[in-house]
Amino acid sequence: MEHNYEESVTLAELWDKLWKHRYLILIITLSITIVLSLGLYFGLKGQIYTSTVFEYEFKGIENNQYPDNTAFRFKDLISYDTLLSVKDSSSLYDEINVEDMYLDPNTTIYRTEAFNSTASDVILTNSEFMLHIPYRYFDYDEELARSFIDDLISSVIITAKDKNNSLEIYNYLDLINDNVEYLDEIDYYSSQYNLLISSMNAFIDTYDGVRIDGVNMAEIRQELQAAYDNYYTFGEVRTLIINESFYKDSVSYISKLEFRISSLEKSILLNELKITELETMYNNLVAGSNLQQADQLLADIADYRIQNVDYQYQIDEYEAVIADATTGELSNVSAEFLTIINDYRALLNEYTTKYNDFYLEILDNHTDVTYEYGSLFNVEGGYSIMLLGAVSGVIGLIVSLVVVFIVESEETKKALESASN
C-alpha cells in the first residue's frame, strides 16, 4: 500500500511539473508541428504521381497492331514526340514542361500482369496498361492533369480511327475512265461485285447480326443480290459487247480482243499438255487393271477437252469481230447499252459506299478506351498534410517533453546545489 501511495504521489508531482510548463510544451509542440509538417509536405510533394489504368479496344490490338496492320507500340505513348504533339494541341498546356516529363524516370507506362490460375506463368494482357506521370508537371492542378492525360491516351484512339479508314474495300470502278474499253469496264464491275459479296460474307461471319439503324449486313447483301438479279448478268453484257462491237476506240478494242485470243490460246495449249499427261496416266492404269481410277482420269480429260472447245469458240468469235471491226474513233453504242453500264456503275458505287460506311461505323464503335473504376486517374504517392501534421505533432510533443525534463533536471540540480551550500 505504501508503494502505491508513493507512486501516486510521484505521478501527481510529474503532472504538476508538466502543468507548470504547459505553455512551453504547447509552444514547442506547435512550432515543431507546423514547421516539420510543412517541410515534410513540400519535401515529399514531388513524389506524388498520377496513376491511370486503362484498356484500348480496336481491331488488331491483340496482335500489337493498328487496324491497318502497322505496329502499335504502347511505349510510344510517352515518347517525346507524342507528349509534344499533345502539348501543342491546346494552349491549356503551354506551361507543361514535356521535356522534363519525358526525361523523368517516374514517367512510365507498362502492361498490367495477370497470373494463370493453373500455372505460375505470367500472362501479359493485350490491351490493359498502367500510366504514371508525376503530378508536379501539372502544377498539382487536377483539371489540367485530367485534360492532358485524357488527350494523351485518346491520341491513340484518334490514330486507330484514322487507320480504320484504310480498311475500306477497294473500288475497282475508280480505275474506269474514258480510255477503258467496255470489255475491261465490265470486268471491273464483275470484280467489284465479287469483292462486295465476299467482304459482306466475311463481315457477317465476324459480326453476325449486328445492326445499325435497324439494318444488318445480311440484309444489305440480300438487297445487292436482288438488284443484280434484275440486271443483265456480266456474262450477258460481255456477249452483247462482242456481238454488237461496242467499243470506245477501234484500235484499243481490237488490241483487247487480240490479247484475249492470245490468253485463250495459251489456255488451250496448257490443257492439251494436261490431256497428254492424263492420257499417259490412263494407259498405265488400264495396263495395271486399275479401272476405277482410270474412269476418273477419263472424266478429267473430257472436262479439259470441253474447255478447249469453249475457248476455241471464243477465239473464233473474237477473230470474226476483229475482221469486221471499223476503224472509226467511236462505235455506235446504243442508248440501251449505256443505260446498262450506268446502272451497273450506280449500283456498285452505292453498295460499296453502304458497305464501307457500315463497316467503318462498326469499327469506330469498337474503337475506344476504358478506364479502371471509371476514373481517368488517381493521385498516389506522397502523404496528406493531415497525416504529416499528426506525425509532426507526436514528434513535437516528444521533443517538448524532453525539453521540459531537461529544464526540470536543471532546476532540480540548482535546488540541490543551493541546499548543500
Side-chain angles (χ1 to χ4, degrees), residues 38 41-61 64-68 70-113 125-165 360-361 363-388:
L38 289 176
Y41 177 74
F42 287 107
L44 298 173
K45 192 176 181 182
Q47 298 180 11
I48 300 174
Y49 60 89
T50 63
S51 177
T52 306
V53 179
F54 61 98
E55 184 172 1
Y56 284 131
E57 297 175 5
F58 54 79
K59 182 177 175 64
I61 180 67
N64 299 316
Q65 293 178 330
Y66 281 110
D68 64 348
T70 56
F72 166 66
R73 300 179 181 87
F74 69 89
K75 290 189 176 180
D76 287 348
L77 193 67
I78 56 172
S79 68
Y80 177 73
D81 289 341
T82 303
L83 294 172
L84 183 61
S85 67
V86 174
K87 175 180 178 177
D88 292 342
S89 68
S90 173
S91 60
L92 293 174
Y93 310 138
D94 286 347
E95 301 303 317
I96 295 179
N97 189 335
V98 295
E99 291 85 354
D100 288 351
M101 181 187 293
Y102 166 67
L103 294 172
D104 195 316
N106 294 315
T107 299
T108 61
I109 184 172
Y110 55 89
R111 292 187 187 276
T112 59
E113 295 181 351
T125 62
N126 286 316
S127 54
E128 189 173 88
F129 306 95
M130 175 78 78
L131 172 68
H132 290 157
I133 300 178
Y135 203 18
R136 64 179 179 275
Y137 295 114
F138 307 115
D139 198 24
Y140 307 98
D141 185 329
E142 180 178 347
E143 290 304 317
L144 181 63
R146 182 179 302 279
S147 179
F148 187 88
I149 293 172
D150 188 35
D151 287 349
L152 178 64
I153 295 174
S154 297
S155 66
V156 170
I157 297 301
I158 293 172
T159 300
K161 286 188 175 182
D162 287 342
K163 291 177 179 290
N164 282 342
N165 294 326
L360 294 183
E361 185 165 354
L363 289 180
D364 285 349
N365 288 344
H366 287 80
T367 300
D368 204 352
V369 58
T370 56
Y371 300 101
E372 190 176 81
Y373 313 124
S375 175
L376 183 61
F377 71 90
N378 296 312
V379 176
E380 299 181 6
Y383 299 92
S384 69
I385 190 68
M386 293 182 64
L387 176 60
L388 293 175

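Nothing fancy with the numbering, it's 1 onward along the sequence.
- Contact check for Tyr66 versus Asp162: no side-chain heavy atoms found under the 4.5 Å cut-off.
- Rounded to the nearest 0.5 angstrom, Arg73 CZ and Gln65 CD are separated by 10.5 Å.
- Evaluation of the side chain to side chain contact (heavy atoms under 4.5 Å, CB included) rule for Ser90 yields Leu92, Tyr93 as partners, not counting sequence neighbours.
- Annotation: side chain of Ile96 is in contact with side chain of Leu144 (closest heavy-atom distance under 4.5 Å).
- Taking each heavy atom of Pro67 and Ala160 in turn, the nearest pair found is CG-O, 3.7 Å.
- Listed by first and then second residue, the salt bridge (charged side-chain N to carboxylate O under 4.0 Å, His left out) pairs involving residues 93-108 are Asp104-Arg136 (not counting sequence neighbours).
- Listed by first then second residue, pairs satisfying salt bridge (charged side-chain N to carboxylate O under 4.0 Å, His left out) with a partner in residues 141-151 read Glu142-Arg146, not counting sequence neighbours.
- Under the salt bridge (charged side-chain N to carboxylate O under 4.0 Å, His left out) criterion, Lys87 pairs with no residue, sequence neighbours left out.
- Here the OH atom belonging to Tyr137 is positioned 7.0 Å from the CG atom belonging to Asn97, to the nearest 0.5 angstrom.
- The side chain to side chain donor-acceptor pair (under 3.5 Å) test applied to Thr107 returns no partner, not counting sequence neighbours.
- For the atom pair CD1 of Ile109 and CG of Leu152, the computed distance is 7.5 Å after rounding to the nearest 0.5 Å.
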* To do: Please assess Tyr80 against Val98 for the test side-chain contact (heavy atoms from CB on, under 4.5 Å), listing each intermediate value before the final yes or no.
  => CA-CA 7 Å; Tyr80 177 73; Val98 295; 4.2 Å; yes
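- Between Leu77 and Ser155, the closest heavy-atom pair is CD1-OG, 4.0 Å.
- Listed by chain and number, the residues in a side chain to side chain contact (heavy atoms under 4.5 Å, CB included) with Thr52 are Phe54, Leu131, Ile149, Ile153, Tyr371, Phe377 (sequence neighbours excluded).
- Inter-residue side-chain proximity for Asn106 and His132 is flagged as unmet; no heavy-atom pair is nearer than 4.5 Å.
- Of all heavy-atom pairs between Phe58 and Ile61, the closest is O-CG2, 3.0 Å.
- In this structure Lys161 satisfies the side chain to side chain contact (heavy atoms under 4.5 Å, CB included) test together with Ile157, Asn164, Asp364, Thr367, sequence neighbours excluded.
- Not counting sequence neighbours, the partners of Asp68 by the salt bridge (charged side-chain N to carboxylate O under 4.0 Å, His left out) test are Lys163.
- In this structure Phe138 satisfies the ring pair (Phe, Tyr, Trp, His ring centres under 6.0 Å) test together with Phe148, sequence neighbours excluded.
- In this view, Phe74 and Phe129 satisfy the ring pair (Phe, Tyr, Trp, His ring centres under 6.0 Å) rule, not counting sequence neighbours.
- Atom OG1 of Thr70 is separated from atom CG of Asn64 by 11.5 Å, given to the nearest 0.5 angstrom.
- Separation of atoms CG (Leu83) and CD1 (Ile133) is listed at 7.0 Å; rounding is to 0.5 Å.
- With sequence neighbours excluded, the residues satisfying side chain to side chain donor-acceptor pair (under 3.5 Å) with Thr82 are Ser79.
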